[in-house]
Amino acid sequence: MSEQRESHLTNPHDRFFRHFLGHPERARAFIQHFLPKPVVAHLDLNTLEVVDASFVDPDLRSHQGDLLCRTRLRNGDEAYVYFLFEHKSYPDLWVGWQVLRYMVRIWEGMWREERRLVPIVPVVVYHGERVWQAPTDFGTLLGVPEGMRPHVPDFAYLLYDLNIVEDAALQVDAMLAAGLLLMKYIRRPELRERLDAIGRLMREVMEAETGVEAVVALLRY
């Protein structure tokens, strides 16, 4: 177990993802531009904050590819957006199970505090070498006959597969675009061809208040 945790902690993809989207303004921009509009319409993103996942379970300190954001709904209720960064080179059928376990831990914390359970929006960001083809609904893992589906747990996580997103669609925010482009091409030979575009974005990023820190993280990655 300790070896697995150490490996997870030192994974450069996880570290970069958590550092990059761990800034509220970038998490907010990602949610605003890439989550489905019907979901975003319910969120008051001005209230969004990145929270320490260890409040759910101390063991989650080691899950550097997980990111948890707390926000308010338009009606004033609390909600969470949970990001899982999936950096395996292939789609993982068990991601739905992993996401469900994390969501249950958050709800358990609310239950222990005798709080009302609140919505959690699960988002999986993937940059593996193959296009994601695994089902995004948890019910598929159970192999449940149609007539039984209303009576067993089911949900669908939101999948953001960088393999199939056009580069132009990433150009919504210089800081966010630079990071997403780098994550998209970091394992591909085309990275060399994209360095000029990423470099131009970095120069734009340098003008932001936290620009130097962001560019250092990009260069280290």
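Computed from a predicted structure; not experimentally measured. Counting from 1, the numbers follow the sequence of the chain as shown. Hydrogens, waters and symmetry mates play no part in the numbers below; they use all other heavy atoms, side chains included.
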Practice item. Take D77 and R72, measure what salt bridge (Lys or Arg N to Asp or Glu O under 4.0 Å) needs, and give me the verdict at the end. Key: CA-CA 6 Å; D77 290 343; R72 290 282 174 183; 6.0 Å; no
Review point. Is there a path of hydrophobic side-chain contacts, each under 4.5 Å between heavy atoms of I, L, V, M, F, W or Y residues, that connects L181 with V131?
Key: no
Review point. So do the side chains of V99 and F155 get within less than 4.5 Å of each other, counting heavy atoms only?
Key: yes
Point to revise | L68 side chain reached by V50 side chain, heavy atoms, under 4.5 Å | key: no
Point to revise | Carboxylate-amine/guanidinium proximity below 4.0 Å for R28 and E25 | key: no
Point to revise | Shortest non-hydrogen contact from L21 toward L67 | key: O-CD2, 3.2 Å
Study note, to complete from the structure: For P153 and L142, the nearest pair of non-hydrogen atoms, with its separation, is O-CD1, 3.8 Å
**Study point:** Non-hydrogen atoms of Q133 and P91 that approach each other most closely
**Key:** N-CG, 3.8 Å
Check your understanding: With a 4.5 Å limit on heavy-atom distance, are the side chains of E49 and C69 in contact?
Key -> no
Check your understanding: Could you go step by step and tell me if Y126 and N163 meet the side-chain contact (heavy atoms from CB on, under 4.5 Å) rule?
Key -> CA-CA 8 Å; Y126 170 70; N163 284 299; 3.5 Å; yes
Review point. Which atom pair, heavy atoms only, marks the closest approach of W107 to V118?
Key: NE1-O, 2.8 Å
Review point. Are there more than 12 heavy atoms of other residues, nucleotides or ligands under 6.0 Å from atom CD of E190?
Key: yes
Practice item. Quick one: sort the H127 and F85 rings into parallel, tilted or perpendicular, breaks at 30° and 60°. Key: tilted
Point to revise | Pair R115 + E78, salt bridge at N-O below 4.0 Å | key: yes
**Study point:** Donor-acceptor under 3.5 Å (D44 side chain, G76 main chain)
**Key:** no
Check your understanding: How many angstroms lie between CD in Q32 and CG in L176, if you round to the nearest 0.5 Å?
Key -> 11.5 Å
Exercise for review: Going by the side-chain contact (heavy atoms from CB on, under 4.5 Å) test, name the single residue among V121, L84, T136, D137 that passes it with Y157.
Suggested key: T136
Review point. Which value, rounded to the nearest 0.5 Å, describes the distance between M103 atom CE and F138 atom CZ?
Key: 10.5 Å
**Study point:** Check: V165 main-chain N/O paired with K184 side-chain donor or acceptor under 3.5 Å
**Key:** yes
Exercise for review: Decide yes or no on salt bridge (Lys or Arg N to Asp or Glu O under 4.0 Å) for R149 and E146, but give the supporting numbers first.
Suggested key: CA-CA 5 Å; R149 280 186 176 270; E146 189 60 36; 3.5 Å; yes
Point to revise | CZ/R74: more than 12 non-hydrogen atoms of other groups inside 6.0 Å | key: yes
Practice item. Quick one: closest heavy-atom pair of A79 and L73, and the distance? Key: CB-CD2, 3.7 Å
Check your understanding: Hey, would you say the Y160 and F30 ring centroids sit under 6.0 Å apart?
Key -> yes
Review point. Does any N or O in the side chain of T71 come within less than 3.5 Å of the main-chain N or O of L43, such that one atom is a donor and the other an acceptor?
Key: no
Check your understanding: Can you tell me how far CG of L117 sits from CE of M110, rounded to the nearest 0.5 angstrom?
Key -> 7.0 Å
Check your understanding: Are L182 and I164 joined in one hydrophobic group, where the rule is that I, L, V, M, F, W and Y side chains link up if heavy atoms are under 4.5 Å apart?
Key -> no
Point to revise | Pairwise distance CZ(R26) to CD1(I31) - rounded to 0.5 angstrom | key: 13.5 Å
Check your understanding: With the 4.5 Å side-chain cut-off for hydrophobic clustering, are Y82 and W111 part of the same group?
Key -> no
Practice item. Answer with yes or no whether the side chains of D66 and Y102 bring together a donor and an acceptor at under 3.5 Å. Key: no
Practice item. Report yes or no: do W94 and W132 belong to one cluster of Ile/Leu/Val/Met/Phe/Trp/Tyr joined by side chain heavy-atom distances under 4.5 Å? Key: yes
Review point. Looking only at heavy atoms, which two atoms of A178 and I198 are closest? And how far apart?
Key: O-CG2, 4.5 Å
